[in-house]
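Here the structure comes first, spelled out in structure tokens, and everything after it is commentary.
These figures come from a predicted structure and were not determined experimentally.
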Amino acid sequence: MSRPRTLFEKIWRRHLVAAETEGLPATLYVDLHLVHEVTSPQAFTELAERELPVRRPDLTLATMDHSTPTDPSIDTAKLRVLDPEGSAQLDRLLANCERHGIPLYAMGDERRGIVHVIGPELGATQPGMTVVCGDSHTSTHGAVGALAFGIGTSEVGHVLATQCLLQHRPKTYEVRVDGRLQEGVVAKDIILAVIARLGIGGGTGHVFEYTGEAIRALDMEGRMTVCNMSIEGGARAGLIAPDDVTFAYLEGRPMAPAGYDWEAAVDDWRSLPTDDGAAYDRTTTLDGSALEPMVTYGTNPGMAIPIAGAVPEDDAIEPEKRASFRKALDYMALEPGQQLQGKPIDVVFVGSCTNSRYSDLVAAANVLRGRKVADGLRVLIVPGSDAVKRQAERDGLAQVFVDAGAEWREAGCSMCLAMNGDQLAPGQYAVSTSNRNFEGRQGAGGRTFLASPLTAAASAITGRVTDVREVLS
Amino acid sequence: MSRSFTRFTGSMAPLPIQNVDTDQIIPASYLKVTDRSGLASGLFSRWRYRDGDPEGEPISDFVLNRAEHADARILLAGDNFGCGSSREHAPWALVGYGFRAVISTSFADIFRSNALKNGLLVVPVTEDGSASLFEAVAADPATEVTIDLEAQTLSLPGGGETSFEVDPFARRCLLDGTDQLGYLLNQAPAIQTFEAAHPARLDTRSG
């Protein structure tokens with residue numbers, strides 16, 4: 001009997017082409033490489049300069065999401081005029097994928113969507129796999145029990161050419177969330193509370209494994225929200241052990257195993273969860289039953305407070321961090337000790353690889369149904385994939401949003417990083433379901449309050465930062 | 001773009017802010033390029049220029065706009081430098097501007113990995129070490145340090161030196177001026193053997 005191992009260790013060991021030695025990193029095999037238009041062109045150029053083929057186009061999947069318009073009236077021809085640079089980037093991806101035989105979900109393809117939404121949706125990301133992408137939110141796919149992490153463009157080139165990466169073995173960090181969540185508290189609130197606790201560098205050098213009753217009780221899409229923001233806690237990857245919820249989610253999806261292969265796969269996947277007695281390098285525990293809806297006040301995702309709370313006072317901040325704290329408050333035009341609840345806002349954004357899946361839209365629609373968006377407020381609802389969009393249109397969710405006065409958009413990354421023209425104006429405040437409240441992230445001078453889809457929808461009705469429990473009660 | 005680093009002596013540009021994210025280093029609006037060049041003007045553009053516009057008015061008190069730091073090629077930054085997005089455009093922009101190294105108490109994992117692949121050395125120092133460097137630069141902006149990658153040492157302004165940690169493989173590549181892809185390509189036989197024993201989990205072309 002081998003010694004007990006963590007989920008991370010089991011996946012890591014299975015993918016070692018060469019183990020790490022003194023002075024040399026491990027060579028780690030990649031089961032699935034996801035590609036998008038922004039971080040891949042220079043990698044393909046590197047291959048072209050060296051006259052290298054793509055080793056495994058059959059393990060590579062490309063989509064267009066970052067630079068794509070979400071305004072339904074903008075087609076490819078219009079985009080060439082409106083955004084020649086973005087359009088050229090999309091063309092480049094198309095040419096690169098054609099040249100190397102890489103499947104690409106281009107504009108107009110009904111499988112297209114945000115890379116971290118379509119991977120699980122297609123059943124392409126599966127338990128026990130290694131998954132990488134030139135995108136830090138690749139951690140999302142850890143929700144199915146895959147070791148998934150973001151890489152730089154040089155590494156995108158490495159994987160295209162060799163299907164491998166040079167990696168040092170990270171440490172493991174158990175993030176345990178016990179108890180049952182209160183009404184109105186959801187996956188997004190868990191992860192914002194985790195990051196507030198650990199700090200945005202707290203997970204550096206580690207892979208998180210989320211455990212505990214509150215995590216087990218989440219559906220798959222909630223688990224994706226949690227794993228998605230592992231990187232905001234400094235961890236390159238976050239994992240959740242696969243269980244019956246995972247298997248039920250994956251069964252029947254287009255790229256998931258089928259028939260006998262499915263039975264064999266599930267048998268294998270059941271061996272993945274961390275063994276009893278396995279040791280993590282670090283562990284932290286949160287009481288899920290004590291969590292409140294969370295909202296950020298500053299310019300990084302660790303600057304989060306319970307929605308009824310107040311911005312910290314100066315003396316609550318360590319002296320050496322005070323200058324950065326004041327810089328953040330200056331940017332946000334907030335004061336120490338200020339309440340966020342009731343703060344007027346200009347925009348609500350429901351979308352991004354964190355919170356744009358069907359269940360996120362259901363949550364928002366349940367709050368907005370039969371209600372109206374506040375006067376003068378702009379509300380964007382941006383589905384994570386074309387499939388999510390079609391399902392929401394079939395099931396009447398889209399109509400709920402339109403009736404409420406929100407904008408119903410095409411799938412894409414949109415205002416999460418504001419590359420495609422969807423952006424805040426300088427000085428505007430947004431409640432956003434995305435993952436980063438960095439200065440200017442959602443548009444130069446824009447100010448972001450990160451929150452859950454429930455909080456976003458409640459705030460859309462009032463035009464102010466609002467506790468969803470007050471709207472629903 | 002040079003990917004080598006051996007030894008460098010120069011003055012430092014102090015940026016005493018924690019958690020500098022890669023959106024600040026290079027905003028997303030610059031990510032539409034399809035090559036590695038042309039990013040230097042976007043470096044810290046939202047802090048460097050009024051309205052973030054490189055054609056516009058420079059913000060005079062931002063460190064890169066101060067005459068006494070115009071020649072600095074080492075960035076002295078606060079803790080957890082390079083957090084956030086995986087964009088390699090961040091080190092491309094820093095290198096494009098002319099930076100050879102970043103000194104901080106810690107670096108985000110992906111940024112560190114990206115930087116070392118582009119000849120931009122990341123030099124971790126202790127909190128005390130960092131504080132004394134910031135003090136030295138405040139007292140004399142022309143203060144120089146020497147970073148010696150072969151010896152893994154950083155000379156200190158008051159005399160003496162401190163050693164720093166760096167991934168030994170990345171160090172070897174930087175000293176030799178070789179890149180990591182070449183090393184991986186040489187592992188083709190081992191990769192082939194691995195693939196034979198590790199059947200593909202899916203075929204993306206079947207979707």
Side-chain angles (χ1 to χ4, degrees), chain A residues 17-18 23-25 27 29 31-32 38-39 41-42 45-46 58-61 67 85-86 88-89 92 103 111 122 124 126 129 134-136 150-155 157-158 161-164 166 168 200-201 204-205 234 236 254-255 300 321 323-324 327 417-419 436 438-441 444, chain B residues 16-19 21 23-24 27-29 31-36 46-47 51-52 78-80 83-89 91-92 106-111 113-114 117-118 127 131 167-169 172 179-181 183-185 187-188 190-191 193-195 198 200-207:
Chain A
V17 172
L24 285 176
T27 303
Y29 196 78
D31 288 319
L32 175 64
V38 175
T39 56
Q42 298 86 351
T45 302
E46 180 96 31
D58 59 320
L59 302 182
T60 311
L61 183 63
S67 292
E85 271 190 301
Q89 205 169 49
R92 183 69 77 88
R111 297 162 296 183
L122 294 164
Q126 300 165 19
M129 275 187 170
D135 193 291
S136 61
I151 57 178
T153 296
S154 293
E155 291 179 319
H158 296 180
T162 69
Q163 204 59 29
C164 289
L166 296 169
H168 292 284
I200 62 167
T204 302
R236 271 178 100 166
M255 291 191 192
N300 74 54
K321 294 182 178 163
S324 294
K327 184 179 187 324
L417 82 169
M419 270 191 82
R436 289 184 176 142
F438 298 150
E439 284 184 35
R441 169 82 178 183
Chain B
I17 297 167
Q18 284 106 31
N19 304 313
D21 59 79
D23 273 83
Q24 306 318 311
S29 52
L31 305 190
K32 291 181 181 179
V33 295
T34 50
D35 61 16
R36 295 179 160 105
R46 295 216 174 107
W47 292 347
D51 302 323
D79 191 50
N80 194 33
C83 61
S85 153
S86 63
R87 59 191 70 170
E88 199 161 320
H89 308 66
W92 295 337
S106 72
F107 300 89
D109 289 329
I110 305 178
F111 176 81
S113 164
N114 287 340
K117 289 179 178 67
N118 288 280
E127 279 182 31
D167 162 30
F169 178 70
R172 197 68 258 160
D179 84 340
Q180 304 189 4
L181 178 53
Y183 173 82
L184 264 177
L185 288 166
Q187 293 192 52
I191 296 169
T193 305
F194 180 90
E195 282 177 331
H198 182 90
R201 299 285 300 274
L202 82 170
D203 183 344
T204 52
R205 297 167 305 185
S206 72

Side chain from CB out, backbone as N, CA, C, O: work out which of these in [X] comes under 4.5 Å of a heavy atom of chain A, or both, or neither.
{"X": "B:F169", "result": "both"}
{"X": "B:N114", "result": "side chain"}
{"X": "B:Q180", "result": "both"}
{"X": "B:R46", "result": "side chain"}
{"X": "B:S113", "result": "side chain"}
{"X": "B:F107", "result": "backbone"}
{"X": "B:D179", "result": "side chain"}

Separation between [atom1] of [X] and [atom2] of [Y], rounded to the nearest 0.5 Å:
{"X": "A:R92", "Y": "B:T34", "atom1": "CZ", "atom2": "OG1", "result": "4.0 Å"}
{"X": "A:T27", "Y": "B:Q187", "atom1": "OG1", "atom2": "CD", "result": "3.5 Å"}
{"X": "A:L59", "Y": "B:R205", "atom1": "CG", "atom2": "CZ", "result": "8.5 Å"}
{"X": "B:H89", "Y": "A:T153", "atom1": "NE2", "atom2": "OG1", "result": "5.5 Å"}
{"X": "A:E85", "Y": "B:L31", "atom1": "CD", "atom2": "CG", "result": "10.5 Å"}
{"X": "B:S86", "Y": "A:E155", "atom1": "OG", "atom2": "CD", "result": "9.5 Å"}

Any idea which of [options] has the most non-hydrogen atom pairs under 4.5 angstrom with chain B?
{"options": "A:R111, A:Q126, A:Q89, A:E46", "answer": "A:Q89"}
{"options": "A:A323, A:P41, A:A161", "answer": "A:P41"}
{"options": "A:G205, A:G157, A:A418", "answer": "A:G205"}
{"options": "A:A444, A:G150, A:P254", "answer": "A:A444"}
{"options": "A:G234, A:G134, A:C164, A:A18", "answer": "A:C164"}
{"options": "A:T39, A:N300, A:I200", "answer": "A:I200"}

Show your working on side-chain contact (heavy atoms from CB on, under 4.5 Å) between B:L202 and A:M129 and close with a plain yes or no.
-> CA-CA 10 Å; B:L202 82 170; A:M129 275 187 170; 3.6 Å; yes

Minimum heavy-atom separation for A:M255 to B:T204, with atom names?
->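 Minimum heavy-atom separation between A:M255 and B:T204: CE-O, 3.5 Å.
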
After noting the C-alpha distance and the side-chain angles of B:W47 and A:K327, does the key distance pass the side-chain contact (heavy atoms from CB on, under 4.5 Å) rule?
-> CA-CA 12 Å; B:W47 292 347; A:K327 184 179 187 324; 3.3 Å; yes

Using 30° and 60° as the class limits, which term best fits the ring planes of A:Y29 and B:H198: parallel, tilted or perpendicular?
->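 Correct class here is perpendicular.
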
Looking at [Y], is its backbone amide N or carbonyl O close enough to the side chain of [X] to form a donor-acceptor pair, meaning the two atoms are under 3.5 Å apart?
{"X": "B:Q24", "Y": "A:E439", "result": "yes"}
{"X": "B:D109", "Y": "A:T204", "result": "no"}
{"X": "B:K32", "Y": "A:M419", "result": "yes"}

Winner by heavy-atom pair count (cut-off under 4.5 Å) against chain A, out of [options]:
{"options": "B:G84, B:S29, B:A188", "result": "B:G84"}
{"options": "B:V33, B:D21, B:I17, B:D51", "result": "B:D21"}
{"options": "B:L185, B:N80, B:D23", "result": "B:D23"}
{"options": "B:S106, B:G78, B:A28", "result": "B:A28"}

Atom group of [X] that falls short of 4.5 Å from chain B, counting heavy atoms:
{"X": "A:R441", "result": "both"}
{"X": "A:L417", "result": "both"}
{"X": "A:L32", "result": "side chain"}

B:E88 and A:S154: side chain donor to acceptor below 3.5 Å |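 On atom types as modelled, these side chains qualify, holding a pair under 3.5 Å.
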
Answer with yes or no whether the side chains of B:W92 and A:Q42 bring together a donor and an acceptor at under 3.5 Å.
->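 A:Q42 vs B:W92: no donor-acceptor pair found between side chains.
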
Got B:D35 and A:T45 here, is their nearest side-chain heavy-atom distance under 4.5 Å?
->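 SC-SC contact between B:D35 and A:T45 ruled out.
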
Side-chain contact test, heavy atoms from C-beta onward, threshold under 4.5 Å: evaluate it for A:V17 versus B:T193 and give yes or no.
->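 Counting from C-beta outward, A:V17 and B:T193 never come under 4.5 Å.
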
Just do the side-chain contact (heavy atoms from CB on, under 4.5 Å) check on A:S136 and B:I110 with the steps written out, would you?
-> CA-CA 8 Å; A:S136 61; B:I110 305 178; 4.2 Å; yes

